[in-house]
Every structure is written in structure tokens, then in C-alpha cells.
Amino acid sequence: VELYLNGKSMGSANVTWFGWAEFHNVAYADGNLTAAAMDGSGSVLATHSRLTTSTATQLRLDVDVPSTMTGTGTALMLDGQDAGMVRVSVLDAQGRLVNLASHNITFSIASGPGRVLGVGNGDPTCHEHNQYTWRSAYHGLARAIIQVTENHVGSEQERQRLLQVDSDMEKRTQIISSGNSNMAA
């Protein structure tokens, strides 16, 4: 592995199988830090770069929901049961992930029938409650799990059956009558 700081080589190191390379005495500098993995003949097999980011200025939301066709998708079914994950990335003005960002991110449903089921950030040492509607970012990332709370797709018979078996008295899922837009009692 050879390490480059802003295009200048900082040295190279041999890496054993399942090992790692360490580069000591490399002074910090803003810019581009790139590691290039090479085979025995010196051909580059892979590279990985990290760019210095500026101050966090924006958030990007990405939705990841289950889909039977692809495994992931970008829309929830309005069936009162579907759930999906929203990933928030903390970005700088150039759209780069600010991996040291640890801002508190608050999740809420801006429109449509839904609720925040839980939150997470991937930090195994985080002790913030998973059922809150906020979470601190970890390495510039946070997640929320959201759920649809109204059924608009089932038949009238299916909706009536859901009303009969509704165990939480419509606190979690509201069944909408197809005859009108009012919630069934």
C-alpha cells in the first residue's frame, strides 16, 4: 500500500493477508489522502481517498424500503403496515459527507399518514433511546424507521376485518373507509 497526501507519496508498506498498513509521522494537511493497494508487480489493484470536508451545511435524505422486485425501493405502500428506513447524511457545501459530524437530527413526518417507529446511527456505544424521534449522527449518518399509519389500499372487506381485530383501538393504524375519506370508528 502506498499513501499519498495531496498527490505526494508519504511512503509505502507491505500488508500481510488480513493485515493493515500504518504510516507514522504524516503531518495533517487539508486536501486529499489516498491509499493505493498494489500487487507484487506494482500494478494498482484499488484506491481509497478521503477528502477534507468543510463545515456541515446540509442534510440529504435517502429512503430505503423493502421491495419484492429489487429488495429495496423508494416508496411505501399505503396499507397501514409498510415501513421503511430514512437515512440522513450530513454534508458540506460541496455535497461531501462530513464524517466527523455528530449533530442531533430530529425526525418528523411532514405530510401524509405516518409515524417514526425508531431511530439509530450505527454507533455500538450510543446509549440514546431507539424510540425517540431524534438521534445524534455518527460518522455523519443517522437513520429513522418510519411506518405508514393509514390503510388506503385494502378492499372494504379487508378494512372492516382489520377493525374487528384491531388490538390497540386505532392508536397505531387507522383504517380508512373506501366510501369516504373519514376514518372509520
Side-chain angles (χ1 to χ4, degrees), residues 20 28 30 33 48-156 158-178 180-185:
W20 64 89
Y28 175 82
D30 283 348
L33 186 65
H48 183 76
S49 296
R50 297 300 296 252
L51 300 172
T52 304
T53 57
S54 57
T55 305
T57 61
Q58 56 188 320
L59 300 175
R60 182 182 67 220
L61 302 176
D62 296 298
V63 178
D64 183 20
V65 297
S67 166
T68 56
M69 303 262 307
T70 63
T72 62
T74 58
L76 293 169
M77 180 174 279
L78 288 173
D79 64 357
Q81 303 295 318
D82 205 3
M85 293 185 287
V86 174
R87 180 179 56 236
V88 174
S89 302
V90 181
L91 307 175
D92 67 6
Q94 289 74 38
R96 298 178 297 210
L97 180 68
V98 181
N99 64 340
L100 295 179
S102 60
H103 301 79
N104 269 348
I105 310 292
T106 300
F107 298 91
S108 65
I109 306 301
S111 67
R115 70 181 181 131
V116 177
L117 285 178
V119 293
N121 63 11
D123 181 357
T125 64
C126 183
H127 294 287
E128 298 164 356
H129 290 286
N130 293 331
Q131 290 78 31
Y132 287 167
T133 57
W134 62 269
R135 179 55 62 111
S136 61
Y138 178 63
H139 291 294
L141 300 170
R143 276 203 187 265
I145 300 172
I146 58 169
Q147 182 183 35
V148 175
T149 57
E150 292 180 3
N151 183 346
H152 289 275
V153 298
S155 68
E156 187 63 28
E158 291 169 330
R159 295 176 199 196
Q160 290 304 316
R161 181 68 180 139
L162 283 173
L163 281 173
Q164 292 171 353
V165 298
D166 186 11
S167 62
D168 63 358
M169 306 298 282
E170 288 193 33
K171 291 178 185 165
R172 190 178 71 114
T173 302
Q174 297 175 354
I175 292 79
I176 306 301
S177 172
S178 62
N180 60 44
S181 61
N182 296 329
M183 289 176 228

[X] (side chain) donor-acceptor with [Y] (main chain) under 3.5 angstrom:
X      : Y      : value
Arg135 : Arg143 : no
Gln147 : Gln81  : yes
Asn121 : Ser136 : yes

Problem - Heavy-atom side-chain proximity of Thr52 to Tyr28 below 4.5 angstrom - result: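 Of all side-chain heavy-atom pairs linking Tyr28 with Thr52, at least one is under 4.5 Å.
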Handout entry: 4.5 Å side-chain heavy-atom contact, Phe107 and Ile146
Key =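 No, side chains not in contact.
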If you look at every heavy atom in [X] and [Y], which pair is closest and at what distance?
X      : Y      : result
Thr106 : Trp134 : OG1-CB, 3.8 Å
Ile105 : Ala142 : CG1-CB, 4.2 Å
Thr57  : Ala93  : OG1-N, 3.1 Å
Leu117 : Ala83  : CD1-CB, 4.4 Å

Exercise for the section: Step by step, work out the side chain to side chain contact (heavy atoms under 4.5 Å, CB included) result for Leu141 and Leu97. Expected result: CA-CA 9 Å; Leu141 300 170; Leu97 180 68; 3.9 Å; yes
Handout entry: Straight-line distance of Met85 CE to Asp64 CG, nearest 0.5 Å
Key =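 That separation rounds to 4.5 Å.
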Handout entry: Sequence-distant partners of Asn99, side chain to side chain donor-acceptor pair (under 3.5 Å), two or more places apart
Key =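 Side chain to side chain donor-acceptor pair (under 3.5 Å) list for Asn99, sorted by chain: empty.
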Handout entry: With Gln58 via side chain to side chain donor-acceptor pair (under 3.5 Å) - residues at least two apart
Key =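 Result, side chain to side chain donor-acceptor pair (under 3.5 Å) vs Gln58: none returned.
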Practice task
Report the C-alpha distance between Val90 and Leu59 in whole Å, list the side-chain angles of each, state the deciding distance to 0.1 Å, and finish with yes or no for side chain to side chain contact (heavy atoms under 4.5 Å, CB included).
Solution key: CA-CA 5 Å; Val90 181; Leu59 300 175; 3.8 Å; yes
